[in-house]
Amino acid sequence: YADLGRRRPWDARSLVQPYSVSKPFAAVCALRLVEAGRLELDAPVQRYWPGFQAPATVRHVLSHQAGVVMLDRPAPTEDFYDWSRLCRLLAEQEPSWEPGTAHGESPLFYGHLVGELVRRVDGRGIGRFLREEVCGPSGLDFAFGLNPSQQARAVDLTGLDDAYRAATMSGRPALYRLALTNPPGAQDGAVVNSARWRAAEIPAINGHGTASAVAGFYNALSTGSLLSPGMLAEAVTPQCAGPDRVFGHDNAWGLGFGIDDDGYGMGGLGGSYGGASTAGGYTIGFVTGSAGNHDRADALENTLRNCLGLPAIPPTSDPPSAKLT
């Protein structure tokens, strides 16, 4: 069932919040502006966003090297629903490291950092830009900020309890907790299943879409429908590699994508995943409403790989970087 009351059956049109699987959708919005010559990868963010304090470039933002991963000032859950206020807080925030010298995923704010660049250059908010320039033309059922008819198809997430939250924090660097819990609510079912959350644009984590749309997004990338081959090649070339300051594991980031030897993509909290296997020649989308790990996505993908005569991917306990988030 798609809802907690077990009244709506889950079907192919059910819209799921796959957490960080959302991030590449935001990145592609900015990359289309780069392709159009309206945004420069190596220009300082301040060129487009005056008042932004961190000495980061657009490339740093897209590749998780900007260091703006947490807020020093306590922020209430309400700030998720106020785009302008949250962007002001991010503009004032000192980075957690000198941009370009390290990397670490900004779990809650990546979409605001990218989305505010899109808004300042283009004039459209990232939800509208995604709809009009990326998902609409490609027929992808994925969105930031759901309208009432889309909300009627949204899946209630389950399993976001104290035990799950404690498990996600276990073994992580101290920066992880700071980066993921302020503002609070991103792992609270009462918050993320609310109409207000679903209507908001929180592009790092609250995109909503179907599994088909996630797989279709990577298919559209691989066929040149969303980015030119040259732009895609740069986007999936590692910009940095090594220990992630926020999550603690080794990984490699392109411009919005996790990169490994098999291909590129992005995992999401709870177990969702989207990506392209350039080695295997396929794309995949897996979305789940039941919070867990990535074992289910791995099992699905390895079943496919077995049919194709491809070697299995490693288990997520020692995963490719694209799966980790």
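We number each residue from 1, following the sequence as shown.
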Any donor-acceptor pair under 3.5 Å from Ser22 side chain to Gly207 backbone: yes
Minimum side-chain heavy-atom gap Cys240-Gln65 below 4.5 Å: yes
Asn251 side chain vs Ala241 backbone, donor-acceptor pair below 3.5 Å: no
Close side-chain approach of Ser272 to Tyr19, heavy-atom, < 4.5 Å: no
Arg119/Glu201 ion pair, N-O < 4.0 Å: no
Spacing of Ser277 atom OG and Leu304 atom CG [to the nearest 0.5 Å]: 8.5 Å
Point-to-point distance, once rounded to the nearest 0.5 Å, from CG of Leu180 to CG of Leu269: 7.0 Å
Side chain to side chain donor-acceptor pair (under 3.5 Å) partners of Arg124, counting only residues at least two apart: Asp122, Glu132, Glu133
Rounded distance [0.5 Å steps], CG in Asp244 versus OH in Tyr176: 10.5 Å
Within residues 55-79 or reaching into it, pairs that qualify as ring pair (Phe, Tyr, Trp, His ring centres under 6.0 Å) - sequence neighbours excluded: His64-Tyr110, His64-Trp253
Distance (rounded to the nearest 0.5 Å) between Arg131 CZ and Leu140 CG: 14.0 Å
Heavy-atom donor-acceptor pair, Arg8 side chain to Ala154 backbone, under 3.5 Å: yes
Within 6.0 Å of CD in Glu98, more than 12 heavy atoms from elsewhere: no
Verify same cluster id: Val246, Met169 (apolar side-chain graph, 4.5 Å): yes
Plane angle bin for Trp83 and His112 - parallel if under 30°, tilted between 30 and 60°, otherwise perpendicular: parallel
Residue pair Tyr81 / Leu86, side-chain heavy-atom distance below 4.5 Å: no
Arg196: partners by salt bridge (charged side-chain N to carboxylate O under 4.0 Å, His left out), with sequence neighbours left out: Glu78
Pairwise side-chain contact, Leu255 with Leu41, heavy-atom cut-off 4.5 Å (strictly under): yes
Closest contact, heavy atoms only, Pro50 versus Arg120: CD-NH1, 3.8 Å
Set of side chain to side chain donor-acceptor pair (under 3.5 Å) partners for Asn306, sequence neighbours left out: none
Same cluster (ILVMFWY, side-chain, under 4.5 Å), Leu146 and Ile205: no
Worked verdict on Thr168 versus Gln187 for side-chain contact (heavy atoms from CB on, under 4.5 Å): CA-CA 10 Å; Thr168 64; Gln187 293 187 58; 3.4 Å; yes
With Asp11 via salt bridge (charged side-chain N to carboxylate O under 4.0 Å, His left out) - residues at least two apart: none
Expected output: side-chain Glu116 to main-chain Val114 donor-acceptor under 3.5 Å: no
Under-4.0 Å salt bridge between Lys23 and Glu105: yes
Pair listing, side chain to side chain donor-acceptor pair (under 3.5 Å) test, anchored in residues 207-217, at least two apart: none
In one Ile/Leu/Val/Met/Phe/Trp/Tyr side-chain cluster, 4.5 Å: Val34, Trp49: yes
All pairs passing ring pair (Phe, Tyr, Trp, His ring centres under 6.0 Å) where residues 127-166 contributes a residue, at least two apart: Phe25-Phe142
Test salt bridge (charged side-chain N to carboxylate O under 4.0 Å, His left out) applied to Arg198 - qualifying residues, sequence neighbours left out: Asp156
Inter-residue atom distance Ile259.CD1 - Asp261.CG, 0.5 Å rounding: 10.5 Å
Results of side chain to side chain donor-acceptor pair (under 3.5 Å) for Glu35 - residues two or more places apart only: Ser228
Linked, directly or transitively: Leu130 and Leu221 (ILVMFWY side chains, under 4.5 Å): yes
Evaluation steps, side-chain contact (heavy atoms from CB on, under 4.5 Å), between Leu226 and Val134: CA-CA 7 Å; Leu226 295 179; Val134 178; 3.9 Å; yes
Residue pair Phe109 / Ile202, side-chain heavy-atom distance below 4.5 Å: no
Validation row: Val58, Glu40 side chains within 4.5 angstrom (heavy atoms): no
Heavy-atom pair of closest approach, residues Ser96 and Val69: OG-CG2, 3.6 Å
Close side-chain approach of Val28 to Phe257, heavy-atom, < 4.5 Å: yes
Chi angles and distances behind the side-chain contact (heavy atoms from CB on, under 4.5 Å) call for Tyr273, Val214: CA-CA 8 Å; Tyr273 176 69; Val214 174; over 6 Å; no
From CG (Asp188) to CG (Asn193), nearest 0.5 Å: 9.0 Å
Check: Thr237 main-chain N/O paired with Gln239 side-chain donor or acceptor under 3.5 Å: yes
Polar side-chain atom of Trp10 near backbone of Tyr1 as donor-acceptor pair, under 3.5 Å: no
Heavy-atom neighbours of Arg13 CZ exceed 12 at 6.0 Å: no
Closest contact, heavy atoms only, Thr181 versus Leu108: N-CD1, 4.5 Å
Which residues share a salt bridge (charged side-chain N to carboxylate O under 4.0 Å, His left out) with Arg73, sequence neighbours left out: Glu92
With Arg88 via side chain to side chain donor-acceptor pair (under 3.5 Å) - residues at least two apart: none
Donor-acceptor pair, side chain of Asn206 and main chain of Ala200, under 3.5 angstrom: yes
Side chain proximity check, Asn182 to Leu178, heavy atoms < 4.5 angstrom: no
Side-chain (Gln150) to main-chain (Asn147) donor-acceptor, under 3.5 angstrom: yes
Anything under 3.5 Å between a donor and an acceptor, one on a side chain of residues 278-292, the other on a protein residue two or more places apart or in another chain? List them.
residue: Thr278; atom: OG1; partner: Asp262; partner atom: O; Å: 3.2
residue: Tyr282; atom: OH; partner: Glu301; partner atom: OE2; Å: 2.6
residue: Tyr282; atom: OH; partner: Arg305; partner atom: NH1; Å: 2.8
residue: Thr283; atom: OG1; partner: Ala215; partner atom: O; Å: 3.0
residue: Thr288; atom: OG1; partner: Ser290; partner atom: N; Å: 3.0
residue: Thr288; atom: OG1; partner: Ser290; partner atom: O; Å: 3.3
residue: Thr288; atom: OG1; partner: Arg296; partner atom: NH1; Å: 3.1

side-chain contact (heavy atoms from CB on, under 4.5 Å) between Asp141 and Cys135, intermediate numbers included: CA-CA 7 Å; Asp141 199 358; Cys135 291; over 6 Å; no
Check: Trp197/Gln17 side-chain N/O donor and acceptor closer than 3.5 Å: yes
